Amino acid sequence: MTLTTIHETNLPNLMYRGKVRDTYPIDDETLLMVATDRISAFDVVLPTGIPDKGAVLNGISAFWFEKTSHLVPNHLTEMAVDRPDLDIPDEIARRAMLVKKADRIDVECVVRGFITGSAWSEYRKSGTVQGKPMPTGLRDGDPFPEVLFTPTTKAEVGHDENMSFEEVADMVGQEMAERLRDTTIEVYEYARDYAQERGIIIADTKLEFGTIDGELILIDELLTPDSSRFWDAEGYEPGKSQPSYDKQFVRDWLDDAGWDHEPPAPELPDDVVSRTTELYAEAYVKLTGMELK
């Protein structure tokens, strides 16, 4: 199985293709969700795949789904490697999980514990984050006085757009909006504290939710280097760019290459690809305590 095939994940009966994940129907209640080796940056899928990235994302998501199941239910039912009867190629199976079919809530539930990225850019210009005034004197990488819930739209193509809490409530209702906010923060704070003890600072992340018979559940991926900023706690120092285990390495190269964040994106050079593979694998080992199989 070549990287190109894994990168594209060409299984029959494709139901949905996201930026990174491909979804296939198994039966009326179950889906096969495959984390491919595709990588996106600035909401654009890059033409270059990252070897083993899908397996890392699949494994880390499964790890966190199990760890946080006491806080909120999730859609994971089985790992694809445990279902040989499905006759899925091994290289696909290690990147896949079987999940419950849910009604997706079209909100990216972004939570921020530390100021960086787009939040830092806004703060430098206006002293605000998503329109909310912040304390003066914050440095890039400083923790916020309290965790922020900063939701965005979930764009199928193009860039996600910021949403106010009121806009989320208008979309899903006040009670559901509060549940999304409170659950997102609870999961983040639990994972942040767990990861900190293992040498990783989770600066921010985004969660996705759905419902099954009215019950709120976590879906898609969870607390991966794709959906989060993972910083090396040992090298953490506010006021500078932090050493990380996520795709910031790719973002930095793209910016240095002068890309304008609009498609088409440039090909990644071999050294960036190999270093990104290493960083993702290191994050997996640090968080789970296991070697990537």
Side-chain angles (χ1 to χ4, degrees), residues 1-27 29-41 44-67 74-101 208 218-228 230 245-247 249-250 253 265-293:
M1 177 97 31
T2 65
L3 173 61
T4 300
T5 306
I6 298 168
H7 174 58
E8 296 300 334
T9 317
N10 290 317
L11 296 177
N13 304 317
L14 177 68
M15 176 181 174
Y16 172 76
R17 171 158 287 171
K19 294 185 180 77
V20 172
R21 281 166 182 74
D22 293 344
T23 305
Y24 303 84
I26 297 297
D27 56 42
E29 298 179 348
T30 310
L31 304 172
L32 180 74
M33 190 175 71
V34 182
T36 73
D37 289 346
R38 297 193 297 268
I39 188 168
S40 68
V44 177
V45 177
L46 307 185
T48 315
I50 305 296
D52 272 338
K53 174 176 169 289
V56 170
L57 297 190
N58 196 51
I60 289 181
S61 286
F63 172 80
W64 285 120
F65 281 139
E66 189 277 327
K67 280 289 181 187
N74 60 70
H75 68 169
L76 175 61
T77 61
E78 296 178 89
M79 302 303 287
V81 292
D82 296 326
R83 287 290 302 275
D85 57 299
L86 295 176
D87 195 27
I88 300 169
D90 290 345
E91 285 302 304
I92 300 296
R94 62 194 290 265
R95 292 166 167 79
M97 59 177 64
L98 277 75
V99 301
K100 303 170 190 173
K101 187 182 294 185
E208 294 192 39
L218 275 170
I219 64 170
D220 198 62
E221 65 181 318
L222 183 60
L223 293 153
T224 72
D226 257 26
S227 64
S228 319
F230 285 177
Y245 297 102
D246 53 49
K247 60 183 177 183
F249 186 72
V250 173
W253 182 87
E267 293 274 358
L268 298 177
D270 290 345
D271 62 326
V272 173
V273 170
S274 60
R275 182 56 181 151
T276 305
T277 298
E278 292 171 2
L279 291 171
Y280 274 51
E282 288 175 28
Y284 178 90
V285 172
K286 275 183 171 286
L287 286 173
T288 69
M290 300 179 291
E291 293 295 329
L292 185 67
K293 296 180 181 179

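Being a predicted model, the structure only gives us computed values, none of them experimental. Every heavy atom of this structure was used, including side-chain atoms; hydrogens, water molecules and symmetry mates were not.
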J.: Hey, is the main chain of Asn58 close enough, under 3.5 Å, to the side chain of Ser61 for a donor-acceptor pair?
T.: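 It does not hold such a pair.
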
J.: Please report the interatomic distance CZ(Arg17) to CG(Asp22), rounded to the nearest 0.5 Å.
T.: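 So the CZ of Arg17 and the CG of Asp22 are separated by 4.0 Å.
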
J.: What heavy-atom pair brings Val273 and Gly49 nearest, and what distance separates the two atoms?
T.: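 For Val273 and Gly49, the tightest heavy-atom pair comes out as CG1-O, 3.8 Å.
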
J.: Give me the atom names and distance for the closest heavy-atom approach of Trp253 to Pro266.
T.: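 That would be CZ3-CG, 4.1 Å.
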
J.: Begin from the C-alpha positions of Leu268 and Ile50 and carry the test side-chain contact (heavy atoms from CB on, under 4.5 Å) through to its verdict.
T.: CA-CA 9 Å; Leu268 298 177; Ile50 305 296; 4.1 Å; yes

J.: On a heavy-atom basis, which atom in Lys247 and which in Tyr280 lie closest, and how many Å separate them?
T.: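 Lys247 and Tyr280 have their closest heavy atoms at CB-OH, 3.4 Å.
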
J.: For the pair Thr288 (side chain) and Met290 (backbone), establish whether a donor and an acceptor sit closer than 3.5 Å, ignoring hydrogens and angles.
T.: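 Yes; at least one donor-acceptor contact below 3.5 Å.
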
J.: Can you tell me if Thr23 uses its side chain to pair, donor with acceptor, with the backbone of Met33 under 3.5 Å?
T.: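 No: the side chain of Thr23 does not pair with the backbone of Met33.
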
J.: Any idea which heavy atoms bring Val56 and Leu292 closest together, and the distance?
T.: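 In terms of heavy atoms, the two residues are closest at CG2-CD2, 3.5 Å.
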
J.: What is the distance from atom CD of Glu278 to atom OH of Tyr245, rounded to the nearest 0.5 Å?
T.: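 These two atoms lie 12.0 Å from each other.
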
J.: Say whether, by atom type as modelled, one donor and one acceptor occur between the side chain of Arg38 and the main chain of Gly18 under 3.5 angstrom.
T.: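 Checking the backbone N and O of Gly18 against the side chain of Arg38, a donor-acceptor pair under 3.5 Å is found.
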
J.: Is there a donor-acceptor pair closer than 3.5 Å between any side-chain N or O of Asp27 and the backbone N or O of Thr30?
T.: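 At least one qualifying donor-acceptor pair exists.
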
J.: Do Asp226 and Glu221 pass the side-chain contact (heavy atoms from CB on, under 4.5 Å) test, and can you show the C-alpha distance, the side-chain angles, and the key distance before you say yes or no?
T.: CA-CA 9 Å; Asp226 257 26; Glu221 65 181 318; 3.8 Å; yes

J.: Can you name the closest pair of heavy atoms from His75 and Asp220 and give their distance?
T.: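 Between these two residues, the closest heavy atoms are CE1-N, 2.9 Å.
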
J.: How long is the span from the OG atom in Ser40 to the CG atom in Leu46, to the nearest 0.5 Å?
T.: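 Going from OG on Ser40 over to CG on Leu46, the span is 7.0 Å.
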
J.: For residues Leu31 and Tyr24, determine if any side-chain heavy atom of one lies less than 4.5 Å from a side-chain heavy atom of the other.
T.: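 Counting from C-beta outward, Leu31 and Tyr24 never come under 4.5 Å.
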
J.: Hey, mind stepping through Met97 and Thr77 against side-chain contact (heavy atoms from CB on, under 4.5 Å) and telling me if it holds?
T.: CA-CA 8 Å; Met97 59 177 64; Thr77 61; over 6 Å; no

J.: With the side chain counted from C-beta on, respond yes when Ile92 and Val34 share a heavy-atom pair under 4.5 Å apart, and no when they do not.
T.: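 A side-chain contact under 4.5 Å exists here.
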
J.: Rounded to the nearest 0.5 Å, what's the gap from CZ on Phe63 to OH on Tyr284? Could you check?
T.: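 If we round to the nearest 0.5 Å, Phe63:CZ and Tyr284:OH are 9.0 Å apart.
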
J.: Could you tell me whether Arg95 and Glu91 make a salt bridge, using a distance below 4.0 angstrom between a side-chain N and a carboxylate O?
T.: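 Salt bridge flag = yes for Glu91 with Arg95.
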
J.: Per the side chain to side chain contact (heavy atoms under 4.5 Å, CB included) rule, which among Leu279, Leu287, Ile60 passes with Pro225?
T.: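 The side chain to side chain contact (heavy atoms under 4.5 Å, CB included) with Pro225 is passed solely by Ile60 among Leu279, Leu287, Ile60.
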
J.: Is there a side-chain contact between Ile39 and Val20 in this structure, where contact means two heavy atoms from C-beta onward sitting under 4.5 Å apart?
T.: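 Heavy-atom side-chain distance check fails, nothing below 4.5 Å.
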
J.: What distance separates Leu32 CG from Leu98 CG, expressed to the nearest 0.5 Å?
T.: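 Going from CG on Leu32 over to CG on Leu98, the span is 5.5 Å.
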
J.: Mind running side-chain contact (heavy atoms from CB on, under 4.5 Å) on Arg275 and Val272 for me, showing each step along the way?
T.: CA-CA 5 Å; Arg275 182 56 181 151; Val272 173; 6.0 Å; no

J.: Nearest 0.5 Å please: distance from the CZ atom of Arg21 over to the CD1 atom of Ile219.
T.: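 Taking CZ in Arg21 and CD1 in Ile219, the distance rounds to 11.0 Å.
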
J.: Can you give me the closest heavy-atom contact between Trp64 and Leu222, atom names plus distance?
T.: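 That closest heavy-atom pairing would be CD1-O, 3.3 Å.
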
J.: With no hydrogens and no angle check, is any side-chain donor or acceptor of Asn74 less than 3.5 Å from a backbone partner on Leu218?
T.: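 Side chain of Asn74 to backbone of Leu218: no pair is present.
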
J.: Using distance alone, with no hydrogens and no angle criterion, decide if Asp271 and Ser274 have a side-chain donor and acceptor under 3.5 Å apart.
T.: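 No - no donor-acceptor pair under 3.5 Å links their side chains.
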
J.: Near Glu29 CD, under 6.0 Å, is it more than 12 heavy atoms from other residues, nucleotides or ligands?
T.: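 It does not: Glu29 CD has 12 such atoms or fewer within range.
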
